[in-house]
Amino acid sequence: MKKIIFVLLGLVVSLSLTIPAFAHFQMIYTPECALEKGGKIDLKLVFTHPFEAGHTMDMGKPEQFFVVRSRGENEPKKTDLLQTLKPITWTSLTNSGKAWETEYSARGGDHIFCLIPEPYWEPADSFYIKQNTKVIVNVGGEPGKWMEPVGLPTEIVPLSKPYDRWTGNVFQGVVMLNGKPVPGAEIEIEYMNHKPLLDKNAFAKEAAVEAPQDAFVLQTIFADANGVFTFGIPRAGWWGFAALDLDPDYTYKDKKCSRDAVIWIKAVDMK
Amino acid sequence: MPRVLALIGLIAFTLLLAVPAIAHTPLCSCYDNGDGTITCEGGFSDGSSAAGVAIRVVDASGKVILEGKMNEDSEFTCDKPAGSYTVQFDAGPGHLVEVKGDDIVE
């Protein structure tokens with residue numbers, strides 16, 4: 001009997017060891033963040049593990065999805081997009097999960113797309129995860145108010161223009177909770193290593209890079225005493241930043257809920 | 001002599017004030033609103049306002065068919081001209097942006 005327990009224990013340990021250290025990332029995906037011309041753009045909301053194109057979680061109906069458009073010195077204008085969302089099924093390399101999509105007609109300037117998702121119950125961790133997510137799309141090169149907080153409960157506010165990064169530049173941002181910087185916030189970073197295929201609602205099988213060891217799948221940095229973080233961008237493509245558990249005492253339905261803030265940026269090669 | 005210098009300084013200053021955002025790239029995009037009108041959005045690459053900047057619509061022969069200024073939101077909306085036309089966003093010498101009517105779509 002003791003032997004059996006021992007064997008079972010061994011199995012459990014080895015199984016848990018084989019689960020790679022990857023993180024949940026709320027994606028707002030669109031192919032380009034710096035568009036030459038206005039027009040219709042596709043947006044996909046997927047809660048997944050982007051580096052590995054791994055397990056995709058079922059998203060509930062988002063609490064909020066909107067865009068704040070600003071151009072030049074004009075006052076930013078908020079447009080609700082929640083009713084435009086259509087349910088889709090997103091296929092990862094290991095499963096498929098409920099996700100959302102919409103289409104948006106963009107004109108000039110900055111468009112800050114903001115998602116407040118329904119908290120996701122993570123059975124593996126026994127807590128909820130709520131990742132308020134931003135992505136900023138610019139049309140035509142005329143800047144707007146990309147540097148201003150939108151006012152999400154948890155938010156990463158960029159200090160570097162998020163759509164003008166060359167590969168090798170740094171990206172800086174401030175992690176905020178209720179409009180105040182979060183000193184020492186922990187930030188996880190993942191590279192979108194598998195191209196999202198818009199027509200198939202799936203990740204491409206081919207990976208762009210291979211991690212030499214699990215630590216590289218999910219990079220970790222901390223914000224400084226002012227809530228500011230800095231990241232050197234080593235490769236062109238989309239990079240996701242998730243500041244985790246910004247309000248440790250927060251609960252949802254009497255359970256712990258990790259309040260996270262996510263931002264996606266895209267770097268391009270100089271050539 | 002100091003008076004002359006002051007005068008030259010004043011003139012230079014006035015000239016500077018009169019030139020709108022000249023160090024920055026002018027930008028103008030136009031869209032077909034789908035209701036028989038077009039809207040042009042003007043601006044500069046540094047995000048400064050284009051309010052008051054001159055805008056013209058010229059026909060195929062270069063004749064001005066419509067003239068106006070960017071409003072306080074740096075926008076200009078007008079009826080979509082018939083035939084071939086070009087929109088000119090004129091932010092001063094060397095700062096002209098031309099948008100061809102054929103490129104103005106929804």
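Protein chains get the first letters and strands the later ones, always in sequence-line order, with residue 1 at the start of each. The figures here come from the full heavy-atom set of this structure, side chains too, leaving out hydrogens, waters and symmetry mates.
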Please determine whether salt bridge (Lys or Arg N to Asp or Glu O under 4.0 Å) holds for the pair E41(B) and R69(A), giving the CA-CA distance in whole Å, both sets of side-chain angles, and the decisive distance to 0.1 Å.
CA-CA 13 Å; E41(B) 302 177 338; R69(A) 184 196 175 203; 2.8 Å; yes
Picking from E142(A), R107(A), K145(A), which has the most non-hydrogen pairs under 4.5 angstrom with chain B?
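Most heavy-atom pairs under 4.5 Å with chain B: R107(A).
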Pick from G108(A), S70(A), G39(A): which one has the most heavy-atom pairs with chain B under 4.5 Å?
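Most pairs with chain B among the choices: G108(A).
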So for S29(B), is it side chain, backbone, both, or neither that comes closer than 4.5 Å to the heavy atoms of chain A?
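For S29(B), neither part sits under 4.5 Å from chain A.
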Using heavy-atom distances under 4.5 Å, tell me whether E72(B) contacts chain A through its side chain, its backbone, both, or neither.
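Just its backbone gets close to chain A.
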Check whether any side-chain N or O of S45(B) sits under 3.5 Å from a backbone N or O of T25(B) as a donor-acceptor pair, and report yes or no.
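Between the backbone of T25(B) and the side chain of S45(B) there is a qualifying donor-acceptor contact (under 3.5 Å).
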Go through D32(B) and K80(B) one step at a time and tell me if the salt bridge (Lys or Arg N to Asp or Glu O under 4.0 Å) criterion holds.
CA-CA 8 Å; D32(B) 187 329; K80(B) 186 179 179 175; 2.8 Å; yes
Answer yes or no: are there more than 12 heavy-atom neighbours, outside K195(A) itself, under 6.0 Å from its atom NZ?
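12 or below, so no.
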Among the listed options C28(B), G42(B), A50(B), the residue most often paired with chain A at heavy-atom distances under 4.5 Å:
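Most pairs with chain A among the choices: G42(B).
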Donor-acceptor pair between D42(A) and Y104(A) side chains, under 3.5 angstrom
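Judged by distance alone, the side chains do not pair up.
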